[in-house]
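In what follows, every heavy atom counts, from backbone to side chain, and hydrogens, waters and symmetry copies are set aside. Here is the naming used below: chain letters follow the sequence lines, and residue numbers restart at 1 for every chain.
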There are 2 protein chains.
Amino acid sequence: MSAELQQGTPRPDFEGFVALLRERAPLLPRRLRQVADHALAHPDDMALNTASQIAQKAGVQPSTLVRFAQALGYSGFSELQQVFRSRLRQQLPDHRERLAALRNGGAAGADMASVLLDGFIHASEASLERLRSGLRPDDIETATDMLAEARTIVLVGARRMFPVVAYLAYAFGKLGIRAVLVDNIASLGAEQAGMARPGDVMVAVSCAPYTPATIEMAAVAKAAGVPVIVLTDNALSPLAAHCDLCLEVSEADYGAFRSMAATFALAMTLAVGTAEKVRDDA
Amino acid sequence: MSAELQQGTPRPDFEGFVALLRERAPLLPRRLRQVADHALAHPDDMALNTASQIAQKAGVQPSTLVRFAQALGYSGFSELQQVFRSRLRQQLPDHRERLAALRNGGAAGADMASVLLDGFIHASEASLERLRSGLRPDDIETATDMLAEARTIVLVGARRMFPVVAYLAYAFGKLGIRAVLVDNIASLGAEQAGMARPGDVMVAVSCAPYTPATIEMAAVAKAAGVPVIVLTDNALSPLAAHCDLCLEVSEADYGAFRSMAATFALAMTLAVGTAEKVRDDA
DNA sequence: TGACTAGTGGAACAAATATTTCAATCTTCG
DNA sequence: CGAAGATTGAAATATTTGTTCCACTAGTCA
């Protein structure tokens, strides 16, 4: 091992570890780098599991963990692990206090950022909670059945909801499921969506205030005999009229902005659930 | 040992442990009671230290810890400690096991859907929790300062992360803040991003596996004197090298898919925070 | 009071875990 | 192309850690 990597024991706190890694990581060999990535991505894992369990998850040998720790100047893996454990110890009470402080005292202008962030986090958590209790598992089941049998999945969503369908396009693509994203480029949305035929399935996403184009495309598809699955905010949505299956996701808002957390969680579920079905059928 | 204390392995979660203790504690011998008190008072200690360290803090022998665990029906101290560790971990791996069990056991379909949804909801919640405690409010403050002073905000993100910048484009637009979305249409991404000049600000979003084009655009912008704000998953990200401010968001994953909840919450915070600043300046 | 039982401390033991070592492999540079 | 060096995987080893056992104590009931 080159001598330059050998130094006295580095700072025993997590921040110190990250700082150290920031400068050393680029110079580290492949496997050690792999460990570095894993350590930053899964710090809890590093704190709570044994060396061989961590090594397995990181895709390396246990000995590599020891080498990694030593390359950074720690005496061994155990010493490095203490860094992660102390982080876990401090982090919990620390953030509980901060949260309580924020809630009680009307925050000053300086931590406006914290208040906003906290607000959006809360809205997201509330949305997820509602999703958990509000959605019928049978409906997801029906949806994934439909999607798994589709020749092509046509994804429609605009404005606020475009990110959701864009994500679905990515996820389906990665899972090897044929899907096309209607992005309305050059105002060709109607033509893009119009190519759907029986045998295909449309997924349309829209919440209040509903984008007329999305409703229109769903209506046209349905009339053409294309099954339509809708993600919307409530059962009275104008979209609900033009669909075969309606999945309701009510997001909580903070200020003028609504969370997207529940919608994305549902989207991921649909994508993976469909992939599982497709695989089982084959 | 009296037979009544011997039972099958109790529930492996922390709630179960507390419930069990509530009814058994009064009947326990002195030293075991002492352990019970310590366990409830210092659950983190129970999760993160070795048996002899814990024993010392609790004022008992290591063997007493083992007896305590066994008196409650666990096979030994190690098994009991896992209960405390999973509490810290917020039971994430538990879901993987359940999903694996479902696959093997061939459970009913509706169950599969529930497990998936539950898994993604958990991953989202864990991500939000990490965001809450892991992000420095000062960094958000700095980011919104930079954004509020920008003439035009240039938004760069690809593949998995495209939905985030697409959302930001929507949000900034709605808030009356000038922003352009680099969507790489017709492979014109470099030209789209290349129009950024000093006085503008670029927001680049990318997590592993990093899209080379995004890194490249951030590097070019930075070299041209355009301030770059980066949203990425860890400090070692190749994007971190080419930015003026690095916001780290580590999302929890479930299966092969990572949550987007924390990234979106942060994006909303940035958008609204910037709007507040712009309004105050005027 | 004396025998019996449950409880306890501490040492011996067994198991799990981290660490070291060494041979094989891949890189790099002459 | 070939040699020197770095890197890696896997087995051997050393250490730590958890567990069991047994002698001893304290409390309880005949």
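- Annotation: cation-pi pair B:Arg159/A:Tyr170 absent, no NZ/CZ under 6.0 Å from the ring centroid and within 45° of its normal.
- Below 30°, between 30° and 60°, or above 60°: for B:Phe264 and A:Phe264 the angle between ring planes is between 30° and 60°, a tilted geometry.
- Closest contact between the side chain of B:Gln81 and the listed nucleotides D:dG18, D:dG9, C:dT8 involves D:dG18.
- What separates CG of A:Leu65 from C1' of C:dA18 is a distance of 10 Å, to the nearest Å.
- Close to D:dT16, at under 4.0 Å from its OP1 or OP2, lies no side-chain N or O of A:Ser78.
- Listed pair A:Gln61 / D:dA10 meets the phosphate criterion, a side-chain N or O lying under 4.0 Å from OP1 or OP2.
- Taking atom CD of residue A:Glu79 and atom C1' of nucleotide D:dT16, one finds them 16 Å apart after rounding to whole Å.
- Note: CZ (B:Phe77) to P (D:dT17) measures 12 Å, nearest angstrom.
- With respect to B:Glu251 and B:Arg160, no salt bridge is recorded, no charged nitrogen being found less than 4.0 Å from a carboxylate O.
- Atom CG of B:Leu28 is separated from atom P of C:dA6 by 15 Å (rounded to the nearest Å).
- When the C1' atom of D:dT16 is taken as reference, atom CG of B:Asn49 falls 15 Å away, rounded to whole Å.
- Taking only side-chain atoms of B:Thr50, from C-beta outward, the nucleotide of D:dG18, C:dT8, C:dA18 with the closest atom is D:dG18.
- The pair A:Asp44-A:Arg85 fails the salt-bridge criterion, with no side-chain N (NZ, NE, NH1 or NH2) lying under 4.0 Å from an Asp/Glu carboxylate O.
- Taking atom CZ on A:Arg33 and atom C1' on D:dT7, their separation rounds to 16 Å, with Å as the unit.
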- Task: Run the numbers on B:Thr232 and B:Val205 for side chain to side chain contact (heavy atoms under 4.5 Å, CB included), then give the verdict.
- Result: CA-CA 6 Å; B:Thr232 190; B:Val205 188; over 6 Å; no
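- Spacing between atom CG of A:Leu32 and atom C1' of D:dA6 amounts to 11 Å, rounded to whole angstrom units.
- For A:Asp13, the side-chain hydrogen bond (donor to acceptor under 3.5 Å, both in side chains) partners at least two apart in sequence or on another chain are A:Arg11.
- Remark: P of D:dT8 and CZ of A:Arg31 are 7 Å apart, rounded to the nearest angstrom.
- Salt bridge absent: A:Lys277 and A:Asp280 never bring a charged side-chain N and a carboxylate O closer than 4.0 Å.
- Of the listed nucleotides (C:dT19, C:dG9, D:dT7), C:dG9 has the atom at the smallest distance from the side chain of B:Thr64.
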Nucleotides 20-27 of chain C: which of its N/O atoms have a protein N/O under 3.5 Å away?
from	atom 1	to	atom 2	distance (Å)
C:dT20	OP2	A:Gln70	NE2	2.7

